[in-house]
Amino acid sequence: MYPLRRNRRLRTTPALRALVREISITPDDFIVPIFVVEGKGKKEEINSMPGYYRYSLDTLKTEVKSLWDLGLKSVLLFVKVSEKLKDNGGTEAINTDGLMQRAIKTVKETCPDMVVMTDVALDPYSCFGHDGIVANGQIINDDTNAILAEMALSHARAGADVVAPSDMMDGRIFEMRTLLEDEGFVDTAIMSYSAKYASAFYGPFRDALDSAPVDAQDIPKDKKTYQMDPANRDEAIKETLMDIDEGADIVMVKPGLCYLDIVRDIKNTVNVPVAVYQVSGEYAMIKAASERGWLDHDAVMMEQVIAIKRAGASLIASYFAKDVVKLLH
Ligand code: PBG
């Protein structure tokens, strides 16, 4: 009771505030998403993601080394697939010599200790821009699972440490885990995008990979039949517990900032690491507002990653990872 308790006492100096701070941010918190393209010498800036790039395999090596030197120990790979290799069944996704498979090897050759995570979903490979196989205006769940499991296996064979299914099909974790076990990849971890919402914040990412759902007759215009309704909270727990039962090692909530209530619910419910994906739209908003001088870029960035960690994330996939770590140094 005041004045016996004066809460401001512990806020009086920077040193005292540091001593009583409940969480802190370190390079170990981050997963760095990386976009890979075919070609040589490429470092293409993404229009809607200023300061973020697509790398060809040669420039990827340089980038990965610089991440490692900064203390960043894990990357999450995404590939931009050429239009002519896209189809409805994800054929290119399981090409042993595909861009993803070569990217995995490139990172492992350059930096053997780097944790390599890979996105598992059909959208970058899909001529319709969907995470699964499309038929009769629908995304076909079980047929998609079969190809996703093959995709995960193909990534594991190429050297991925962690496969990260981002597709939101039902039962895909079980299919993947079963196939990985059968094929002897018992140590390949699965980081499941367990509570992934049908969010408008993925726009810039779809620009980066040219992977948005196509506008054509009989093709769903959005991903609402598989990604979650932003209005739902209890369902996030159901999704997450099912993924853990099916064999997920790490679960994820995505996007970040608008869904921190979900992060805390899940953190309080499960006993596996919880990851949060601070997505492309969250990155773009901070960049745009700070370019206009309306927000202090570094301060807002730090406040957001601190909020994500405080909510319960033990891993944060973020396009700000490098910026944050440079600021910490
Ligand atoms: C693909 C995938 C998406 C993201 C990660 N994996 C896009 C989507 O589901 O449409 C979004 C990441 C971001 O916006 O940064 N399934």
Plane angle bin for Y277 and F78 - parallel if under 30°, tilted between 30 and 60°, otherwise perpendicular: tilted
Between D298 and K326, does any NZ, NE, NH1 or NH2 come within less than 4.0 Å of an OD or OE carboxylate oxygen? no
Return the minimal non-hydrogen interatomic distance between V79 and P124, and the atom names on each side. O-CB, 3.5 Å
Salt bridge present between D215 and K221 (N-O < 4.0 angstrom): yes
Drop me the distance from Q278's CD to F201's CZ, to the nearest 0.5 angstrom. 11.0 Å
Does D296 use its side chain to pair, donor to acceptor, with the backbone of A299 at less than 3.5 Å? yes
For R310 versus I23, what's the shortest heavy-atom pair and its separation? N-CD1, 3.7 Å
Has T240 got a side-chain atom pairing as donor or acceptor with A236's backbone, closer than 3.5 angstrom? yes
Rounded at 0.5 Å granularity, tell me how far CD1 in I250 sits from CE in M252. 8.5 Å
One pair to check against side chain to side chain contact (heavy atoms under 4.5 Å, CB included): L315 and D29. What are the steps and the verdict? CA-CA 5 Å; L315 295 147; D29 296 326; over 6 Å; no
By the definition ring pair (Phe, Tyr, Trp, His ring centres under 6.0 Å), identify the one residue from Y52, Y319, F35 that meets it with F205. F35
Distance-only, no hydrogens or angles: does the Q101 side chain make a donor-acceptor pair with backbone N or O of A93 under 3.5 Å? yes
Is the ring centre of H297 less than 6.0 Å from the ring centre of F320? yes
OG/S194 to CD1/I262 distance, rounded to the nearest 0.5 angstrom? 12.5 Å
Testing E38, E44, E45 one by one against R54 for a side chain to side chain donor-acceptor pair (under 3.5 Å), which residue passes? E44
K309/E22 ion pair, N-O < 4.0 Å: no
Within this structure, what is the CG-CD1 distance for the pair L148 and I133, rounded to the nearest 0.5 Å? 8.0 Å
side-chain contact (heavy atoms from CB on, under 4.5 Å) partner of Q227, chosen from D222, D131, D167: D131
Between R177 and T188 the two heavy atoms that sit nearest each other are NH1-O, 3.1 Å
Would you confirm whether D143, through its side chain, and I140, through its main-chain N or O, come within 3.5 Å as a donor-acceptor pair? no
Any K42 side-chain heavy atom under 4.5 Å of Y55 side chain: no
Quick check: do V253 and I266 have side-chain heavy atoms less than 4.5 Å from each other? yes
In this structure, OG of S74 is separated from CG of D28 (nearest 0.5 Å) by 10.0 Å
When you check the gap from the basic side-chain N to the acidic O, do E246 and R172 get nearer than 4.0 Å? no
Nearest-0.5 Å distance that lies between atom OG in S192 and atom CE in M168: 7.5 Å
How close do V276 and G256 get, heavy atom to heavy atom, and via which atoms? CG1-CA, 3.6 Å
Lys/Arg cation over aromatic Y259: K196, 6.0 Å, 45° cone: no
Pair K287 + D323, salt bridge at N-O below 4.0 Å: yes
Pick from V107, T110, V75: which one makes a side-chain contact (heavy atoms from CB on, under 4.5 Å) with L60? V107
One pair to check against side chain to side chain contact (heavy atoms under 4.5 Å, CB included): H130 and D123. What are the steps and the verdict? CA-CA 5 Å; H130 275 289; D123 49 334; 5.9 Å; no
